[in-house]
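In what follows, a single structure is set out as structure tokens and then discussed.
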Amino acid sequence: MAGRFTPRPAVTRTTVRGGEVAVPAPRPGRAATAGARERTYVPPGPLDLGLVLGPLRRGPGDPMFRTTPDGAVWRATRTPAGPGTLRVTAKGTAVHGEAWGPGADWLLEQLPAMLGDSDDPDAFEPRHRLVAASHRRRPGLRLTRTGLVLESLIPSILEQKVTTDEAYRAWRLLVRKYGEPAPGPCSDGMHVMPDARTWATIPSWEWHRAGVDDKRAATILRAVRVARRMEEAATMEPEAAMARLELIPGIGPWTSAETVQRSNGAPDAITVGDLHLPRIVGYALAGDRDADDAAMLGLLAPYAGQRHRAARFILLGGRTPPRRRPKMPRWDIGAL
């Protein structure tokens with residue numbers, strides 16, 4: 001078990017998309033912060049904090065997610081009980097959580113699920129050499145289950161049909177302007193995202209300034225108007241949860257899959273309709289740089305029930321097709 005929390009080396013853009021975040025080595029002997037609620041959790045097997053919690057970060061400047069030099073992962077979020085901040089660190093073979101704010105008890109209660117306690121990594125069997133190598137190098141990958149839908153749904157809507165840089169910028173600007181400072185000793189810019197009512201009252205020109213077009217803004221507004229029904233999806237089976245989300249006009253299979261992967265810890269919720277993923281999977285497994293969704297699903301058929309996990313191992317393997325054209329240009333509609 002020794003060293004199982006050691007972070008991976010420097011990662012590439014593709015492995016970052018696979019949900020890998022570099023977490024500094026923990027510093028021993030840190031005392032608990034005054035006023036914090038605490039909980040210690042012993043995972044049933046290897047656990048890599050950067051891999052498990054990495055998918056929750058929306059870009060390097062995400063106001064709701066941070067890693068610090070002392071080896072901690074900080075997460076600010078809006079729970080059913082109110083705003084809360086969670087600090088997670090590895091201590092030997094255990095994970096120590098500290099939480100602040102009205103949502104502190106809820107966050108600590110959900111800590112095991114967030115760290116993949118309800119996930120079953122042993123159900124996965126590699127079928128390709130690249131997948132097996134990635135699986136062997138990353139035994140600490142478990143699928144997080146946050147139990148929160150809107151915090152994953154809204155940024156996923158922002159990521160529709162734009163570059164990740166544009167989506168991350170919009171998320172960062174909107175959360176910082178309309179969210180609230182995170183509770184606890186993290187006064188260096190961390191924020192909790194706005195509640196549903198606040199999202200619904202953001203003026204149209206502020207969406208424009210953040211670079212969010214009318215279509216995506218309208219989809220978010222439709223979702224937050226039925227926020228309670230959206231949050232209920234976190235307790236449903238992944239297929240039923242995706243169907244619930246897709247009842248909202250503007251939310252399709254891509255957005256629903258990206259959401260339930262995080263909120264429900266869904267191992268089979270493969271993302272379809274993505275610009276890059278089919279080509280990455282096709283190139284990694286069959287040398288097909290022009291693979292479409294149908295080809296990707298055919299290649300992932302041996303992983304039925306675990307296709308999302310397989311895709312993550314493929315992304316973490318870092319084998320991508322060489323570029324044949326420039327990157328998609330970045331447009332700032334807020335400057336128009």
Side-chain angles (χ1 to χ4, degrees), residues 8 11-20 43-48 50-56 113 115-146 152 156 233 236-243 245-246 252-321:
R8 304 269 76 82
V11 293
T12 67
R13 187 177 183 86
T14 305
T15 57
V16 166
R17 189 179 175 198
E20 185 165 28
L47 188 148
D48 187 316
L51 285 174
V52 177
L53 301 180
L56 303 180
L115 295 177
D117 187 72
S118 57
D119 184 34
D120 182 15
D122 293 335
F124 182 76
E125 182 179 351
R127 303 281 185 173
H128 298 83
R129 182 176 299 177
L130 178 142
V131 177
S134 184
H135 178 262
R136 184 173 58 253
R137 288 195 299 267
R138 294 169 170 84
L141 187 150
R142 304 180 75 92
L143 301 182
T144 185
R145 180 171 187 165
T146 65
S152 294
S156 294
M236 302 166 67
E237 290 298 318
E239 295 79 7
M242 292 174 65
L245 299 183
E246 290 171 27
W254 186 93
T255 306
S256 64
E258 288 286 313
T259 301
V260 301
Q261 288 166 7
R262 298 165 172 84
S263 62
N264 297 53
D268 196 48
I270 182 66
T271 304
V272 296
D274 192 84
L275 179 63
H276 303 292
L277 185 60
R279 287 182 285 186
I280 293 174
V281 172
Y283 185 78
L285 299 187
D288 181 6
R289 61 181 300 159
D290 298 312
D292 56 11
D293 279 335
M296 176 183 72
L297 294 176
L299 290 169
L300 294 178
Y303 301 103
Q306 296 285 323
R307 292 177 299 175
H308 167 54
R309 194 192 309 271
R312 282 200 64 188
F313 280 124
I314 292 168
L315 288 167
L316 292 168
R319 187 167 188 262
T320 59

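Hydrogens, waters and symmetry mates play no part in the numbers below; they use all other heavy atoms, side chains included. Keep in mind that this is a model prediction, so the values were computed, not measured.
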Drop me the distance from [X]'s [atom1] to [Y]'s [atom2], to the nearest 0.5 angstrom.
X: Asp48; Y: Glu20; atom1: CG; atom2: CD; result: 7.0 Å
X: Leu143; Y: Asn264; atom1: CG; atom2: CG; result: 11.5 Å
X: Thr146; Y: Leu53; atom1: OG1; atom2: CG; result: 10.5 Å
X: Leu115; Y: Arg142; atom1: CG; atom2: CZ; result: 9.5 Å
X: Thr320; Y: Tyr283; atom1: OG1; atom2: OH; result: 7.5 Å

*Output, in order, the C-alpha distance, side-chain angles, deciding distance and verdict of side-chain contact (heavy atoms from CB on, under 4.5 Å) for Arg312 and Gln261.*
CA-CA 11 Å; Arg312 282 200 64 188; Gln261 288 166 7; over 6 Å; no
Looking only at heavy atoms, what is the nearest atom pair of [X] and [Y], with distance?
X: Ala269; Y: Met242; value: CB-SD, 4.3 Å
X: Pro126; Y: Ala132; value: CB-CA, 3.6 Å
X: Ser152; Y: Thr259; value: O-OG1, 3.9 Å
X: Ala257; Y: Ile270; value: CB-O, 3.8 Å
X: Met296; Y: Pro278; value: SD-CA, 3.7 Å
X: Leu130; Y: Ile314; value: CD2-CA, 4.0 Å

*asked:* Under the salt bridge (Lys or Arg N to Asp or Glu O under 4.0 Å) definition, can you give me all pairs with a residue in residues 259-270, not counting sequence neighbours?
replied: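 As it turns out, the salt bridge (Lys or Arg N to Asp or Glu O under 4.0 Å) pairs with a partner in residues 259-270, which skip direct neighbours, are Glu258-Arg262, Asp268-Arg307.
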Can you list everything that forms a side chain to side chain donor-acceptor pair (under 3.5 Å) with [X]? Sequence neighbours excluded, please.
X: Ser134; value: none
X: Glu125; value: none
X: Ser256; value: Glu246

*Would a distance-only check, ignoring hydrogens and angles, find a side-chain to backbone donor-acceptor pair under 3.5 Å from Asp293 to Gly273?*
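Yes: the side chain of Asp293 pairs with the backbone of Gly273.
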With a 4.5 Å heavy-atom cut-off, do [X] and [Y] have their side chains touching?
X: Leu277; Y: Val272; result: no
X: Val281; Y: Leu300; result: yes
X: Leu141; Y: Phe313; result: yes

*asked:* I'd like to know whether Leu56 forms a side-chain contact (heavy atoms from CB on, under 4.5 Å) with Thr144, so could you lay out the CA-CA distance, the side-chain angles of the two residues, the decisive distance to 0.1 Å, and finally the verdict.
replied: CA-CA 9 Å; Leu56 303 180; Thr144 185; 4.1 Å; yes
*List for me each residue that meets side chain to side chain contact (heavy atoms under 4.5 Å, CB included) alongside Ala123, sequence neighbours excluded, and say none if there are none.*
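Ala123 satisfies side chain to side chain contact (heavy atoms under 4.5 Å, CB included) with Asp120, Gln306 once adjacent residues are dropped.
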*Report the residues that fulfil side chain to side chain contact (heavy atoms under 4.5 Å, CB included) with Ala233, sequence neighbours left out, ordered by chain and then residue number.*
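Counting only residues at least two positions away or on another chain, Ala233 forms a side chain to side chain contact (heavy atoms under 4.5 Å, CB included) with Val149, Met236, Ala241, Arg244, Leu245.
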*Decide side-chain contact (heavy atoms from CB on, under 4.5 Å) for Ile280 and Asp274; before the verdict, give the C-alpha distance in whole Å, the side-chain angles of both, and the deciding distance to 0.1 Å.*
CA-CA 10 Å; Ile280 293 174; Asp274 192 84; over 6 Å; no
*Please, which pairs that meet ring pair (Phe, Tyr, Trp, His ring centres under 6.0 Å) have at least one residue in residues 285-310, sequence neighbours excluded?*
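Only Phe124-Tyr303, His128-Tyr303 qualify under ring pair (Phe, Tyr, Trp, His ring centres under 6.0 Å).
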_salt bridge (charged side-chain N to carboxylate O under 4.0 Å, His left out) involving Asp119 - partner list, sequence neighbours excluded_ =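 Testing Asp119 for salt bridge (charged side-chain N to carboxylate O under 4.0 Å, His left out), a comparison that skips the adjacent residues, returns Arg309.
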